[in-house]
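Below: the structure, in structure tokens.
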2 protein chains.
Amino acid sequence: MLIRTPAELGAILRDRRKKLKLDQSTLAKRIGVSRQWVIEVEQGHARAELGLILRALDALDIRLDAGTEQTPARRITKPGIDINAIVARARKKKA
Amino acid sequence: MLIRTPAELGAILRDRRKKLKLDQSTLAKRIGVSRQWVIEVEQGHARAELGLILRALDALDIRLDAGTEQTPARRITKPGIDINAIVARARKKKA
DNA sequence: TCCATATGTCAGCGTTCGCTTACTTTAGCA
DNA sequence: TGCTAAAGTAAGCGAACGCTGACATATGGA
């Protein structure tokens with residue numbers, strides 16, 4: 001399963017949790033976070049802490065693999081200008 | 001490359017950046033973050049934001065894959081008591 | 001040697017995290 | 001119908017994020 005966005009990660013976590021028949025409270029205790037945290041991350045919370053995310057994956061026996069690949073048509077979503085940077089700035093200005 | 005900790009992620013990012021002959025400033029601009037951020041994440045910053053991390057991986061053409069696997073001897077590091085939870089609490093109390 | 005580049009550190013600031021606690025809503029079941 | 005558990009929402013709080021800007025070390029070339 002490829003992960004590109006926080007929302008995708010959240011969906012993966014939720015699916016896996018359900019497959020293991022755990023409720024949010026139990027999982028939260030297992031990870032060492034609050035139930036609130038589980039709810040927000042499953043909903044795709046983009047600013048969740050990396051460390052906690054990794055612990056959540058571990059608690060659910062999900063392995064994370066990083067690969068340098070060649071996925072052909074990948075940069076089509078990247079025009080000349082840098083979308084990511086623009087979004088990043090927008091996020092800040094608005095706030 | 002398996003990712004288990006923020007430090008491992010940081011090392012992967014740094015290696016990949018060097019392989020692409022980018023300096024921290026250039027990468028930071030490409031991701032849409034400050035140079036500071038790049039430095040800290042490469043050093044294994046555990047509380048970095050998930051969304052920014054994903055953007056960094058994208059900027060470096062690193063693919064993230066989540067897999068439910070069976071890695072045999074995996075739970076040996078998990079005694080009866082829940083280490084993760086203990087660490088989590090410790091992190092909080094100390095602060 | 002002097003200068004430019006790359007990396008790392010420090011301090012201060014506004015924003016937001018993740019936490020707790022409490023309430024609401026939904027679903028299944030006796 | 002009422003009860004229970006699961007899931008979601010909201011408010012308030014201390015701690016830490018990521019940012020800017022300036023400064024500190026290498027390292028390498030002119």
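A/Gln43 is linked by a side-chain contact (heavy atoms from CB on, under 4.5 Å) to A/Ile39, counting only residues two or more places apart in sequence or in another chain. A/Asp15 meets the side-chain contact (heavy atoms from CB on, under 4.5 Å) test with no other residue; sequence neighbours excluded. Residues satisfying the side chain to side chain donor-acceptor pair (under 3.5 Å) test with A/Thr26, not counting sequence neighbours, are A/Asp23. Applying the salt bridge (charged side-chain N to carboxylate O under 4.0 Å, His left out) test to B/Glu40 and every residue at least two apart in sequence or in another chain returns nothing.
Between the side chain of A/Arg63 and the main chain of B/Gly67, no donor-acceptor pair closer than 3.5 Å is present. The backbone N or O of B/Leu22 lies less than 3.5 Å from a partner atom in the side chain of B/Arg17, making a donor-acceptor pair.
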Give me, pair by pair, the N or O atoms of the protein and of nucleotides 6-11 of chain C that are less than 3.5 Å apart, along with how far apart they are.
{"from": "C/dA6", "atom 1": "OP1", "to": "B/Asp23", "atom 2": "OD2", "distance (Å)": "3.2"}
{"from": "C/dA6", "atom 1": "OP2", "to": "B/Asp23", "atom 2": "OD2", "distance (Å)": "3.4"}
{"from": "C/dT7", "atom 1": "OP1", "to": "B/Arg17", "atom 2": "NH1", "distance (Å)": "2.9"}
{"from": "C/dT7", "atom 1": "OP2", "to": "B/Gln24", "atom 2": "N", "distance (Å)": "2.9"}
{"from": "C/dG8", "atom 1": "OP1", "to": "B/Arg14", "atom 2": "NH1", "distance (Å)": "3.3"}
{"from": "C/dG8", "atom 1": "OP1", "to": "B/Arg14", "atom 2": "NH2", "distance (Å)": "3.1"}
{"from": "C/dG8", "atom 1": "OP2", "to": "B/Arg14", "atom 2": "NH2", "distance (Å)": "2.8"}
{"from": "C/dG8", "atom 1": "OP2", "to": "B/Gln24", "atom 2": "NE2", "distance (Å)": "2.5"}
{"from": "C/dG8", "atom 1": "N7", "to": "B/Arg35", "atom 2": "NH1", "distance (Å)": "3.0"}
{"from": "C/dG8", "atom 1": "N7", "to": "B/Arg35", "atom 2": "NH2", "distance (Å)": "3.3"}
{"from": "C/dG8", "atom 1": "O6", "to": "B/Arg35", "atom 2": "NH2", "distance (Å)": "2.7"}
{"from": "C/dT9", "atom 1": "OP2", "to": "B/Gln43", "atom 2": "NE2", "distance (Å)": "3.1"}
{"from": "C/dT9", "atom 1": "O4", "to": "B/Gln36", "atom 2": "NE2", "distance (Å)": "3.1"}
{"from": "C/dC10", "atom 1": "N4", "to": "B/Gln36", "atom 2": "NE2", "distance (Å)": "2.5"}

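Between B/Trp37 atom CH2 and C/dT15 atom P the separation is 21 Å, expressed in whole Å. A straight line from CG of A/Leu27 to P of D/dG8 spans 13 Å, rounded to a whole angstrom. For B/Arg47 and D/dA16, the CZ to P distance is 6 Å, given to the nearest whole Å. The CD1 atom of A/Ile31 sits 15 Å away from the C1' atom of C/dC19 (whole-angstrom rounding). Summarising the geometry, the separation between CG on B/Leu50 and C1' on C/dT16 is reported as 15 Å, rounded to the nearest angstrom. If you take NZ of B/Lys29 and C1' of D/dC19, they are 16 Å apart, rounded to a whole angstrom.
Taking each heavy atom of B/Asp65 and A/Leu2 in turn, the nearest pair found is OD1-N, 3.8 Å. The minimum heavy-atom distance linking A/Ser25 with A/Arg35 is given by the pair OG-CD, 3.1 Å.
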Could you please spell out the steps behind the side chain to side chain contact (heavy atoms under 4.5 Å, CB included) verdict for A/Ile3 and A/Ile12? CA-CA 9 Å; A/Ile3 297 181; A/Ile12 290 175; 3.7 Å; yes
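Out of C/dC17, D/dA16, D/dG18, the shortest distance to the side chain of B/Leu52 is found at D/dG18.
Comparing the helix axis at one end of the helix from C/dT1-D/dA30 to C/dA30-D/dT1 with that at the other, each defined from 5 consecutive pairs, gives an inter-axis angle of 30° (nearest 10°).
Using a 4.0 Å cut-off, no side-chain N or O of A/His45 falls inside it from OP1 or OP2 of C/dT16.
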